[in-house]
Amino acid sequence: AAAAAAADGAAPGKRKAAEDDDDSDATDASAEDHVGKRPKQDDDGDAASIYSTVLTSVKSSWHYLSTVLPLPALFSSRITAGAAEEYEVAKAAQREEAAAAALVQLERLYPDLAADWKAAKPKFAAKNGKVDDAAVVLLAKMLATDSRLTEINLFENKFGDEAGKSLAEALRTNQTLRTLHLVGNCGDETGLALASALKTNKTLKKLDLYGNMLGSETKRQPGVASKASNRHPWFNFFGPQPDCRISKALAEALRVNRTLQSLSLALNKLGDVDGKLLAEGLKRNDTLKTLILFSNSLGDEAGVALAETLKTNTTLKILDLSANGLGDRTGIAFADALKINKTLTNLDLYMNRLGEAAYVALAKALETNTSLTKLHLCGRFYFGDNTGKAFAKALKTNRTLQFLYLGVHLGDEAGQLMAEAVKLNPTLRGLFLSGNELGNNACKAFAEALRTNTTLQQFRLDFYGYGLDDEAGTALAEALRVNTSLKEFDLQHINLCSEAILTLAEALRTNGTLKRLSLNCGISRKSEEALRKAVRGRRIKLQM
């Protein structure tokens, strides 16, 4: 210890002396270089200097190459791609093994269901409680690798979310399924999983989610707090808030999915917020052709948003908004959209709250629209003859509409104008005037139109208990003698006299085109026997 301390004490002096010697050597070397002499170095010093120079050069070159050409990233990407490919192959093998094991288990637990699965090609159906959660999980494992089936129908089985999520997971890898019916089955988690699967699925074209209560209004029922309220209790001050997670997820899926062509969300308690989210999703979608939203709780906020979407969407062809809470704002918005849209062919606004202003606007839109082929408008209120007059005027010039459902309490005058339009219109194939107040003059006008019209194939006059005089009833019956196009003639709830019925029976003996005749109101036994005798041996279906 003493020796070490002594050495440490002497070290500063030695280091000072060594530094002085180095400084003198450096001064001498500088002087020699100045007079042209090279410094004296040993062999080890030359090797170290060369090594250091080469190493610095290599480092600089590698830094440059890695900057200009990202070689490490290139090598790592190749390695990553190869590993990913191997991983996918391994996962596919695992799915095949799981599918085989699931089939064995299905045969053991559900032999009848397994037999149906094996025999199904290309459609498989298990409806009305035929499968439970465990069976659905097994089916999903087999579906993940199945290459036979193109359609699966699991109508009203009411399985849980775990089973539903397994089906959604199968959609991520299945490459043949085109149609999936899940009517009355899905819970919230299943809905979210299906929406997520739609983002990557490349084959499914039709998804039917009818009657699953996936909308936000389901969570706003009296006495039921929404999930948003549970997460944020202060929301309860404003009442239950809508939980729109599923609609938002479906809207996001519509933005990126490029294969789905038909989506049904009927009877799902969708509210205005849900409808607006779906409308936003449609703005960026270019594949969906059919959207079914009937029997929900959509109001004008959603209706106007969907109508605005039609101004830019170029693929949607069928839109069903029947049995909602849409009012005049929605009807007028759709009228404006129909003046621009060139692709929508079928619009159903049956059983909403549209008023006369909306109906008149829609009729005026038909004067210029060139794409709509089917329009369904049956309201809950009385609107007068202005609506009928507007549609009569539209039918005189429109050359694309083929089916018109108009149950808006038309009067006798409007009916006569509609009959005149039918005479001139060469494209209308179906006219359904149920729930109106047409009188004898209107019926006689339609009878005259049927004598000359050669395109109308379906015609319905439904007066709900209104009777016709002998002249009007006989005129309708006589028209069938000469008409050569009508296939379905519906006179439900119209009281025809006995003379008109007998004339109708005689007309049926010679008419060669009629396939169905509906007469549901007050026919005597003698008249019924005459009608049945007239169609005996003929392919005419009588509904009485």
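Numbers for residues simply follow the sequence, beginning at 1.
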Inset, instruction - Any chance you could measure D272, atom CG, to S297, atom OG, to the nearest 0.5 Å? - result: 9.0 Å
Legend entry - Worked verdict on E151 versus K123 for salt bridge (Lys or Arg N to Asp or Glu O under 4.0 Å): CA-CA 5 Å; E151 180 176 338; K123 299 180 181 180; 3.7 Å; yes
Inset, instruction - Give a yes or no on whether K393 atom NZ has more than 12 heavy-atom contacts from other residues, nucleotides or ligands under 6.0 Å away. - result: no
Inset, instruction - Using side chain to side chain donor-acceptor pair (under 3.5 Å) as the criterion, point out the one residue from K283, R284, K276 that pairs with E280. - result: K283
Legend entry - Of D320, L321, L263, the residue whose pairing with L293 passes side-chain contact (heavy atoms from CB on, under 4.5 Å): L321
Inset, instruction - Answer yes or no: are there more than 12 heavy-atom neighbours, outside Q543 itself, under 6.0 Å from its atom CD? - result: yes
Inset, instruction - Give a yes or no answer on whether the side chain of N185 reaches the backbone of L154 with a donor-acceptor pair at less than 3.5 Å. - result: yes
Inset, instruction - Look at atom OH of Y350 and say whether more than 12 heavy atoms of other residues, nucleotides or ligands are closer to it than 6.0 Å. - result: no
Legend entry - pair L349-L362: side-chain heavy atoms closer than 4.5 Å: yes
Legend entry - K199 NZ: over 12 foreign heavy atoms closer than 6.0 Å: yes
Legend entry - More than 12 heavy atoms of other groups within 6.0 Å of K487 NZ: no
Legend entry - Rounded distance [0.5 Å steps], CG in L428 versus CE in M418: 8.0 Å
Inset, instruction - Kindly indicate, with the supporting measurements, whether the criterion side-chain contact (heavy atoms from CB on, under 4.5 Å) is fulfilled by D274 and N268. - result: CA-CA 10 Å; D274 303 295; N268 268 282; over 6 Å; no
Inset, instruction - Mind checking the CG-CG spacing from L167 to L180? Nearest 0.5 Å is all I need. - result: 6.5 Å
Legend entry - Note, D188 side chain near I246 side chain (heavy atom, < 4.5 Å): yes
Legend entry - T400 side chain vs T373 backbone, donor-acceptor pair below 3.5 Å: no
Inset, instruction - Check whether the ring centres of Y210 and F294 lie less than 6.0 Å apart, and answer yes or no. - result: yes
Legend entry - Residue K342 excluded, over 12 heavy atoms near NZ under 6.0 Å: yes
Inset, instruction - Under the ring-ring contact (aromatic ring centres under 6.0 Å, His included) rule, collect the residues that match up with Y405, sequence neighbours excluded. - result: H376, F432
Inset, instruction - State, yes or no, whether a side-chain contact exists between L366 and F391 at a heavy-atom distance under 4.5 Å. - result: yes
Inset, instruction - Can you measure from NZ (K364) to CG (D336) and round to the nearest 0.5 angstrom? - result: 11.5 Å
Legend entry - Sub-4.5 Å side-chain heavy-atom contact between N352 and L298: no
Legend entry - Heavy atoms from other residues, nucleotides or ligands near NZ of K311 exceed 12 (cutoff 6.0 Å): yes
Inset, instruction - May I ask you to decide if R95's main-chain N or O and T145's side chain share a donor-acceptor pair within less than 3.5 Å? - result: no
